[in-house]
Amino acid sequence: MAEPGGAGETCTACGATLASGARFCHLCGHALLPPRDEAEEAAAAEDLARPDTELASTELAVAAALGAHERTGSLPPMRLPAGTTLSVYRIEAVIGEGGMGVVYRARDMALGRDVALKCLHLNLAGDPEVRQRFVREARVLRTWSHPGAVAVYDFIEHEHVLAIVMELVEGENLAQHLARWRGKMPFDQIRSVVGDVLLAMDDAHASGVVHRDLKPDNVLVRNDAGRLRPKIADFGIAKVLEGTTYTVSGALLGTCRYMSPEQVKTPSLADHRSDIYSLGITLYELVTGRPPFDGSHFSVMMAHVTNAPRAPSKLRPEVPPELERLILDALAKSPDKRPASCAEFRRRLFDALPAGTESDDSQAASSAPLPATIRGTGGHEMVLVPSGPFAMGSSRREVHIDALYMDRVPVTNAQFSVFLEATQYKPSDAGAKRFLAHFRNGKPPRGEEKHPVVYVSWFDARAYATWAGQRLPTEAEWEKTARGSDGRRYPWGRAEPKPAHANFGRSRDGTTPVGAFPDGASPYGVLDLAGNVWEWCEDAYDEDFYENGPSMNPKLASSPKNKSGHVMRGGSFMYDARALRTYARMGFDPHYRFAEGGFRCAKAPG
């Protein structure tokens, strides 16, 4: 009987010339198994009836299926069913699929741990060159490991099954995380995540490993005690630089949007500097929300070779000049003009984005305890809200917030008057006539000096906070302050509101002095988070962002596209008990000024 894929063989389905020893056509996936006689068919049927033991059930099930597909001329099966056992690994579910294969969640029954299995598609496994490259990938990666890369544990090669056993990383990839930020990650997260990726890739390059397919989809991220930790995945086209150059015939490996010019022109000559270019594209996208070149595959590839990228500051004006220079240097057409190494890339990144410019994770590294309260002039007091997770929204999704200080009570008329005297602040927008409408001759009503200031817009509140060296709290910070880590319905707990808890449902009585309801204190001792006045938060109002935004320090910046206003929280003296819930929220035009609208300030430690 002739062997499948012998010299000179052609595919009976599509007519393609086959490589020697091929079991499947590399073009159409047609199975090339020899026909079985009646005895072989009977033996296969008997074996299929037996319980699964290691590879037996998988191997025979696949073989039987391939026999059926051979007779029909269709593609072989592309997925392994749940319950299939490969060596000591039991398939549980599909968690991802790409052009090269399927990734499964599996259970390592020998070590009692969950793992990921990357299995080559069956219609590709018959191509000897693809199979050889896949085997080489696994062997290379088993000689190198780094905390910032997905670990490779084992390699399975048996009959029609080819798989790499890898560390299972729970979480999402960087592209998904970027989408939660509506395309523009905070600079502190960019510094942390890209810095860690560069550290891992510098070690890989020192070990002779080049990724050649770096992109946000191939960087997994997870929340590790309040710090976003990346893990580089899918070194599927890595090569070892020890005097041997591996080439891929018939295809340009890598995703077009992230390919270096040399990968487009001569992919076999790509080296570590191609990874630096791809990381430059990735950094550009994290900063601006889009890659520098887009369009069809051909147009994007040609743009990498010939076109200059648009300056990132044109898409995000607040980009620091040093960061923009670094990005454009990394995207130089000539490899020699890029940062020479990932170590140099990382050093320049950290110089461009110094630690602590936003809510940097450096505070988490400090072992010095933070004071529970800080006091300023005029009795001003701020309360520590410690870092950690809490249940946010009615869906109670887990969100981590860094430590912050929050005003114990809202800003008062008296405090705002000091700001006016010091700055001579006067708004000039169309609604400016309503600014401090309750004041008389520039002064608050007599006896209401300690009432919360009202008739202030979001812009007015921000101006005060900036003058005071503080800021408005983000919506997530405000909610954690009110809700605590135990998921309270109201700041004081789950008990329904009573008159002793808050000023609410009294439309004719107006505001009360701040701090007048100590029974309504939050878990951290912050007062008046329910009732009295609605309070401005920094975030633009977006229901989807609130429910599905980032899980660490979420903040939705204002945008001209936002038509829903800015967030206000806490209810007011006019609203009923439903508005006092810790997850109740409203959206108001940021220029709006009204008798129930006030604010309080927050600041990061240090």
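FYI, the numbering just counts along the sequence from 1.
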Check ion pair [X]-[Y] (N to O, under 4.0 angstrom):
X	Y	answer
D202	R346	no
D544	R182	yes
E543	R585	yes
R222	E172	no
D539	K555	no
E167	K231	yes

Closest contact, heavy atoms only, [X] versus [Y]:
X	Y	result
A116	I95	CB-CD1, 4.5 Å
I401	N553	CA-OD1, 3.4 Å
F187	V319	CZ-CA, 4.0 Å
P473	M406	CB-CE, 3.7 Å
T474	R471	N-NH1, 4.2 Å
C256	M301	SG-SD, 3.6 Å

The ring-ring contact (aromatic ring centres under 6.0 Å, His included) partners of Y277 (sequence neighbours excluded) come to H304

When rounded to the nearest 0.5 angstrom, what distance separates [atom1] in [X] from [atom2] in [Y]?
X	Y	atom1	atom2	result
D154	S87	CG	OG	6.5 Å
Q263	S278	CD	OG	5.5 Å
L323	D351	CG	CG	11.5 Å
L326	R338	CG	CZ	13.0 Å
Y258	D217	OH	CG	6.5 Å
E398	M552	CD	CE	11.0 Å

Does [X] reach the main-chain N or O of [Y] with its side chain, forming a donor-acceptor pair under 3.5 Å?
X	Y	value
W181	L556	no
S274	A270	no
R257	V300	no
T288	Y284	yes
H205	R273	no
E324	S313	yes
T84	L80	no
R113	L168	no
Q189	M185	no

E477 vs K603, test: salt bridge (charged side-chain N to carboxylate O under 4.0 Å, His left out). Steps then yes/no. CA-CA 10 Å; E477 289 173 338; K603 63 179 293 185; over 6 Å; no

Can R227 and D196 be said to form a salt bridge (charged side-chain N to carboxylate O under 4.0 Å, His left out), step by step? CA-CA 11 Å; R227 193 175 191 276; D196 284 354; 2.8 Å; yes

Side chain proximity check, [X] to [Y], heavy atoms < 4.5 angstrom:
X	Y	answer
W478	V567	no
V193	H177	no
H566	Y541	no
P312	L328	yes
I164	V152	yes
V165	F155	no
R397	N548	no
V150	L220	yes

* Decide side chain to side chain contact (heavy atoms under 4.5 Å, CB included) for L349 and L198; before the verdict, give the C-alpha distance in whole Å, the side-chain angles of both, and the deciding distance to 0.1 Å. => CA-CA 10 Å; L349 175 70; L198 288 166; 4.2 Å; yes

[X] and [Y]: side chain donor to acceptor below 3.5 Å:
X	Y	answer
S395	E547	yes
Y153	D108	no
E479	Y546	yes

Problem - NZ or CZ of R569 within 45° of Y583 ring axis and under 6.0 Å - result: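 Here R569 fails the 6.0 Å and 45° test against Y583.
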
### Query
Is it the case that more than 12 heavy atoms not belonging to R290 sit under 6.0 Å from its CZ atom?
no

- Full working for side chain to side chain contact (heavy atoms under 4.5 Å, CB included) between L117 and V103: CA-CA 5 Å; L117 258 69; V103 181; over 6 Å; no

| request: Check step by step if salt bridge (charged side-chain N to carboxylate O under 4.0 Å, His left out) holds for R107 and D114. | output: CA-CA 5 Å; R107 184 69 177 174; D114 291 328; 3.1 Å; yes

Where do L174 and L286 land on the side chain to side chain contact (heavy atoms under 4.5 Å, CB included) test, with the steps shown first?
CA-CA 9 Å; L174 193 53; L286 297 181; 3.9 Å; yes

Contacts of N307 meeting side chain to side chain donor-acceptor pair (under 3.5 Å) (sequence neighbours excluded), chain-then-number -> none

Is there a salt bridge (charged side-chain N to carboxylate O under 4.0 Å, His left out) between R462 and E538? Walk through the geometry before answering.
CA-CA 8 Å; R462 281 189 108 210; E538 179 66 22; 2.8 Å; yes

Discussion item. Side chain to side chain contact (heavy atoms under 4.5 Å, CB included) for V221 and N173? Distances and angles first, verdict last.
Written reply: CA-CA 6 Å; V221 290; N173 63 45; over 6 Å; no

